[in-house]
**Q** 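Can you read through this structure? Questions will come right after.
Atoms considered below: every heavy atom in the structure, side chains included; atoms not considered: hydrogens, waters and symmetry mates.
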Amino acid sequence: MAKKRINVMVTAFRDGFQSVYGARVLTKDFLPAVEAARNAGITHFEAGGGARFQSLFFYCNENAFDMMDSFRETTGPDANLQTLARGVNVVGLDSQSSDIIKLHAELFKKHGMTTIRNFDALNDVNNLIFSGKCIKEAGLKHEVVVAMMSLPPGWVGSDEVHNQGFYCGVLQKILDSGLHFDSVCFKDASGTATPRTVFETIKSAREMLPPEVSLRFHTHDTAGTSILCYGAALRGGADGLDVSMAPVSGGTCQPDIITLWHAMRGTEYDLGIDIDKIIEAEEVFKECMADYFVPPEAKAVEPIIPFSPMPGGALTANTQMMRDNNIMNKYPEVIKAMGEVVRRGGFGSSVTPVSQFYFQQAFNNVMIGPWKKMAEGYGKMVLGYFGKTPVEPDPEIVKIAAEQLGLEPTKKTPLEINDEDPNKGIEPAKKMLQEAGLEETDENIFIASTCKEKGIAYLKGEAKVNVRKINRKAADGEPEGYTVIVNGREYGVSLKGGEAVVNGKKYTVDVQEGIKEKTGVAAEPVKGASEDAISVKAPLPGVVVRIVVDEGDAIDDGDTILVMEAMKMETEIKSPAAGIVESISVNVGDQVAAGKILAVIK
C-alpha cells in the first residue's frame with residue numbers, strides 16, 4: 001500500500017532561533033546550514049517574520065529584508081519560503097493601520113517570500129480578514145491559523161474555550177467570512193494542547209474543509225508531548241507538520257525532523273526525506289551554531305507549562321532579556337504568576353503578542369506588586385483595543401486597566417482604531433524618517449512603523465549587537481573570565497592585576513588573604529546634590545530609551561523625566577515632586593539596575 005506523504009516545513013531558521021536564542025542570530029552564521037538543508041532535499045522553510053523581524057534590528061544590527069534576500073538566494077527560486085504574521089500586528093508587537101498591513105504583504109513578496117502564515121492570538125477572525133486579503137492581493141500564498149492551547153482543569157470559564165468545539169467554531173467563522181486562503185494551520189505555540197483535543201479538532205476540521213486545502217498542525221515540545229500530538233494530528237487527517245533541526249529542536253522548539261522520522265517508521269506515513277543527508281545537514285548546523293549560548297531552559301521539557309502556558313518562541317526571548325537585566329532569579333516567580341493573568345485576562349491563546357502581554361503583566365505583578373502597574377499591552381487587551389477575547393475578562397481587572405491607563409473599554413475593531421490614530425500609518429513613519437534625516441523608502445517606512453525608535457536607531461547606524469555567544473578566547477587554556485551567579489543573578493567577571501571588570505565596568509580591587517572583620521560603609525551621597533534634593537531611582541532594571549527633560553528644567557509633580565524599557569515594555573519615570581532638574585545621571589542606551597539613581601530633583 002502506498003504511504004501517505006506528509007509535507008514538513010523546517011522551522012529551525014525562524015521558530016527554532018526564536019525558541020532557543022531569543023531570535024538573536026546573525027545571518028552570516030546560519031546560511032551555510034540553510035544551504036546544507038537545501039542540499040538534503042528540504043524545500044519548505046520558515047524563513048522569517050514573527051520575532052525574527054524586529055530582533056534583527058534590535059539585537060543583531062541587521063536588516064531583516066536583507067536577511068530574506070539572502071535566504072532566497074541560498075535556497076534558490078523554487079523553495080517555499082514561509083513567514084509568520086500576527087494578523088493586524090503583522091510583525092510588530094503593536095497593531096498597525098491598514099496602509100502598513102498592506103505594505104507588509106507587498107514588501108515580503110518583493111523580498112522573496114512565498115507564503116505568509118497569518119494568525120490572531122485572540123482568535124478574533126475580524127483581525128485576519130484585511131491582512132489575509134492583502135496577502136492574497138500581493139501574490140502570496142495565505143495560510144490562515146486557528147491558535148490553540150490547553151487550560152488546567154477547574155479554571156472558571158475554561159470549559160467554554162480551547163476545546164474542539166471552540167476551535168472548529170473559529171474555523172467556521174473563517175469560512176463564513178469569505179476569507180481566501182490556501183491552507184489552514186492549527187498552531188499550538190505553547191505546546192500544551194492534549195493529543196485527544198488535537199485529534200478531535202483536526203478530524204473535524206478535515207471534514208469541514210475542501211479536500212484540496214492543506215491542513216497543518218504546529219506545536220512545541222515544551223511540555224514533552226509533541227510527538228504524541230503529531231501522531232494524533234496525522235490520524236485526524238493532517239497532511240503537513242512543522243519540524244526543526246538540531247541544535248534548535250526539542251524542548252521549547254518543534255520536535256526534530258529525525259525524531260519524527262523515527263516515530264513514523266513502520267507506519268503508513270512518509271516524510272519524503274533522505275535521512276542520511278538530513279543527518280549530514282544537522283552536523284553542519286551544529287557547527288554553525290557552536291559558539292552560541294544555549295539557555296538551559298530552551299532545551300528542557302517543563303511539566304508545569306500547561307499550568308502557566310508560555311510559548312517556546314517567547315520563553316527564551318524573555319529569559320534572555322531577564323539575563324540582560326540580571327534578574328533571572330525572578331523567572332520562576334514570573335512563570336508561576338502567568339496562570340492568574342491568563343485566567344483573568346479572557347483566555348486569549350498564549351502566542352505573541354498576547355503571550356508577551358501575559359508575561360509582562362506577570363513580570364509587573366512580581367517585580368512591583370500585584371496589579372500595581374498595568375502593562376500597557378495587557379491593559380489594552382482586556383479593554384478590547386486588540387479585538388474580542390475568547391471570554392470576557394475579569395471585571396475587576398478591566399476596571400484597574402481603565403483607571404491606570406486612562407482608557408475606556410471599546411467595541412471598535414483594532415483596524416478602525418488604528419486607521420483613526422494620527423500616530424500610526426505611513427505618514428507618521430515618514431515624519432520619523434524626515435526628522436532623522438533618513439531616506440523615505442518603503443522598507444524604511446515599514447521599519448520605522450513597526451520598530452519605532454529602535455528601527456530609527458538602526459537606520460542611523462546607532463544599533464548595537466547584543467547576541468549571546470560563548471567566549472572561547474583563552475590564553476594557554478585559561479578562561480578570560482568567569483560567570484559568577486549570586487542569588488540567581490549573573491555577573492561576568494574578569495580579574496587582571498589590580499583591576500576587575502564586572503559586566504563591562506572597571507573597578508580597582510585589592511585581594512588579600514583572610515577575612516577581615518566587617519566594617520560599616522556609609523551610603524555614597526549623590527554627587528553634587530543639594531541637601532534638599534530628591535533622588536529619582538529606577539523602579540526596575542531596564543534600558544533608558546528616551547530622556548524627556550534637561551538639567552535645569554522646571555517640572556511639576558508627575559511630569560515624565562525619562563522612559564525606560566524592560567521586557568519589551570516602556571515605563572515612564574515620573575517626578576515625585578515639583579522642582580528643578582538638578583542632574584540627570586544616565587544617558588540614552590544605558591542599561592540600569594533597579595535602585596539606580598536616574599535623576600535628582602531640587
**Q** Can a salt bridge be assigned to the pair Lys203 and Glu200 using a cut-off of 4.0 Å between side-chain N and carboxylate O?
**A** no

**Q** Regarding Gln96 and Asn418, do their side chains bring together a donor and an acceptor under 3.5 Å, going by distance alone?
**A** no

**Q** Begin from the C-alpha positions of Thr114 and Arg72 and carry the test side-chain contact (heavy atoms from CB on, under 4.5 Å) through to its verdict.
**A** CA-CA 10 Å; Thr114 313; Arg72 171 56 73 189; 2.9 Å; yes

**Q** With a 3.5 Å distance limit and no angle check, can you tell me whether Asp99 reaches the backbone of Gly425 through a side-chain donor-acceptor pair?
**A** no

**Q** Quick one: sort the His104 and Phe108 rings into parallel, tilted or perpendicular, breaks at 30° and 60°.
**A** tilted

**Q** Are side-chain heavy atoms of Leu175 and Phe181 found at a separation under 4.5 Å?
**A** yes

**Q** Taking atom types as modelled, find out whether Ser97 and Asp419 have a side-chain donor-acceptor pair closer than 3.5 angstrom.
**A** no

**Q** If you draw a 6.0 Å radius around NZ in Lys136, do more than 12 non-hydrogen atoms from other residues or ligands fall strictly inside?
**A** yes

**Q** Would you mind reporting whether Glu280 and Asn39 have side-chain heavy atoms less than 4.5 Å apart?
**A** no

**Q** Check for a donor-acceptor pair, side chain of Glu62 on one end and backbone N or O of Thr27 on the other, with a separation under 3.5 Å.
**A** yes

**Q** Counting C-beta onward and ignoring hydrogens, is there a side-chain heavy-atom pair between Leu209 and Val184 closer than 4.5 Å?
**A** yes

**Q** If I take atom CD1 from residue Ile116 and atom CG from residue Leu140, how far apart are they, to the nearest 0.5 angstrom?
**A** 5.0 Å

**Q** Any side-chain heavy atom of Ile174 sitting closer than 4.5 Å to one from Ile129?
**A** no

**Q** Count the heavy atoms of every other residue, nucleotide or ligand shown that sit under 6.0 Å from CD of Gln172, and state whether that count exceeds 12.
**A** yes

**Q** For the pair Ser19 (side chain) and Asp15 (backbone), establish whether a donor and an acceptor sit closer than 3.5 Å, ignoring hydrogens and angles.
**A** yes

**Q** If the threshold is 4.0 Å, N to carboxylate O, is there a salt bridge linking Lys110 and Asp442?
**A** no

**Q** What do the steps show when you test Asn7 against His44 for side-chain hydrogen bond (donor to acceptor under 3.5 Å, both in side chains), and what is the final call?
**A** CA-CA 8 Å; Asn7 176 277; His44 192 176; 3.1 Å; yes

**Q** For Met338 versus Ser350, what's the shortest heavy-atom pair and its separation?
**A** CE-OG, 4.3 Å

**Q** Would you tell me whether Asp66 and His111 have side-chain atoms, one donor and one acceptor, within less than 3.5 Å of each other?
**A** no

**Q** Under the ring pair (Phe, Tyr, Trp, His ring centres under 6.0 Å) test, which residues partner Phe57, sequence neighbours left out?
**A** Phe53, Tyr458

**Q** Heavy-atom count around Lys102 NZ within 6.0 Å, excluding the residue itself: above 12?
**A** no

**Q** Could you walk me through whether Val243 and Met9 pass the side-chain contact (heavy atoms from CB on, under 4.5 Å) check?
**A** CA-CA 6 Å; Val243 293; Met9 177 173 73; over 6 Å; no

**Q** Tyr167: what forms a ring pair (Phe, Tyr, Trp, His ring centres under 6.0 Å) with it, not counting sequence neighbours?
**A** His162

**Q** Contact between Val10 and Glu46 at the side-chain level, heavy atoms closer than 4.5 Å - yes or no?
**A** no

**Q** Just checking, any donor-acceptor pair under 3.5 angstrom between side chains of Gln254 and Thr11?
**A** yes

**Q** Apply side-chain contact (heavy atoms from CB on, under 4.5 Å) to the pair Gln82 and Arg117, showing each step before the final yes or no.
**A** CA-CA 7 Å; Gln82 184 163 315; Arg117 175 179 285 176; 3.3 Å; yes

**Q** So, taking the atom named CG in Leu215 and the one named CD in Glu143, what distance separates them when rounded to the nearest 0.5 Å?
**A** 9.5 Å

**Q** On a heavy-atom basis, which atom in Pro255 and which in Ser249 lie closest, and how many Å separate them?
**A** C-CB, 4.3 Å

**Q** Do NZ/NE/NH1/NH2 and the carboxylate oxygens of Glu420 and Lys412 come within less than 4.0 Å?
**A** yes

**Q** If you compare all heavy atoms of Arg86 against all heavy atoms of Asn118, which two are closest, and at what distance to 0.1 Å?
**A** C-OD1, 4.4 Å

**Q** Any donor and acceptor pair, going by atom type alone, linking the side chain of Lys388 with main-chain N or O of Leu122 inside 3.5 Å?
**A** no

**Q** Just to verify, what does Glu440 make a side-chain contact (heavy atoms from CB on, under 4.5 Å) with, not counting sequence neighbours?
**A** Lys430, Leu433, Gln434

**Q** Starting from the C-alpha separation in whole Å, work towards a yes-or-no answer on side-chain hydrogen bond (donor to acceptor under 3.5 Å, both in side chains) for Gln164 and Ser204.
**A** CA-CA 8 Å; Gln164 178 265 340; Ser204 297; 2.8 Å; yes

**Q** What's the shortest heavy-atom distance between Glu282 and Ser244, and which atoms?
**A** OE2-O, 4.4 Å

**Q** Holding to side-chain contact (heavy atoms from CB on, under 4.5 Å), I want the full list of residues that pass it with Asn127, two or more places apart in sequence or in another chain.
**A** Val88, Asp120, Asp124, Pro414

**Q** So, Thr115 versus Asn80: side-chain donor-acceptor pair below 3.5 Å or not?
**A** yes

**Q** Kindly give the heavy-atom pair with the smallest separation between Pro390 and Val161, and that separation in Å.
**A** CB-CG1, 3.6 Å

**Q** Quick one: are Thr219 and Lys187 in side-chain contact, heavy atoms under 4.5 Å?
**A** no

**Q** Which residues pass the ring pair (Phe, Tyr, Trp, His ring centres under 6.0 Å) test with Phe217, not counting sequence neighbours?
**A** Tyr230

**Q** Just so I know, are the side chains of Val25 and Val467 near enough to count as touching, which here means a heavy-atom distance under 4.5 Å?
**A** no

**Q** For the side chain of Asp188 and the backbone of Thr192, is there at least one donor-acceptor N/O pair under 3.5 Å apart?
**A** yes

**Q** Any sub-3.5 Å donor-acceptor pair from Tyr358's side-chain atoms to Ser349's backbone N or O?
**A** no

**Q** Backbone N or O of Leu228 within a donor-acceptor pair of the Thr225 side chain at under 3.5 Å?
**A** no

**Q** Using the ring pair (Phe, Tyr, Trp, His ring centres under 6.0 Å) criterion, which residues pair with His142? Sequence neighbours excluded.
**A** none

**Q** Considering only NZ, NE, NH1 and NH2 on the basic side and carboxylate oxygens on the acidic side, decide whether Arg5 and Asp239 come within less than 4.0 Å.
**A** no

**Q** Would the distance check show the side chain of Ser355 and the main-chain N or O of Thr352 forming a donor-acceptor pair, the cut-off being under 3.5 Å?
**A** yes

**Q** Output yes when a side-chain donor or acceptor of Asp270 lies under 3.5 Å from a complementary backbone atom of Lys3, and no otherwise.
**A** no

**Q** Please name the residue in the list Tyr59, Phe13, Tyr292 that meets the ring-ring contact (aromatic ring centres under 6.0 Å, His included) test with Tyr21.
**A** Tyr292

**Q** Does a salt bridge link Glu35 with Arg38, judged by any charged N lying under 4.0 Å from a carboxylate O?
**A** yes

**Q** Starting from the C-alpha separation in whole Å, work towards a yes-or-no answer on side-chain contact (heavy atoms from CB on, under 4.5 Å) for Thr197 and Ser150.
**A** CA-CA 9 Å; Thr197 299; Ser150 178; over 6 Å; no

**Q** When the aromatic ring centroids of Phe285 and Phe30 are compared, is their separation below 6.0 Å?
**A** no

**Q** Spell out, as yes or no, whether a donor-acceptor pair under 3.5 Å connects the side chain of Asp421 to the backbone of Asn423.
**A** yes

**Q** Roughly how far, to the nearest 0.5 Å, is CZ of Phe199 from SG of Cys229?
**A** 13.0 Å

**Q** Would you compute the distance between atom CD of Glu297 and atom OG1 of Thr222 and round it to the nearest 0.5 angstrom?
**A** 11.5 Å

**Q** Can you check whether Ile447 reaches Asn63 side chain to side chain, under 4.5 Å on heavy atoms?
**A** yes

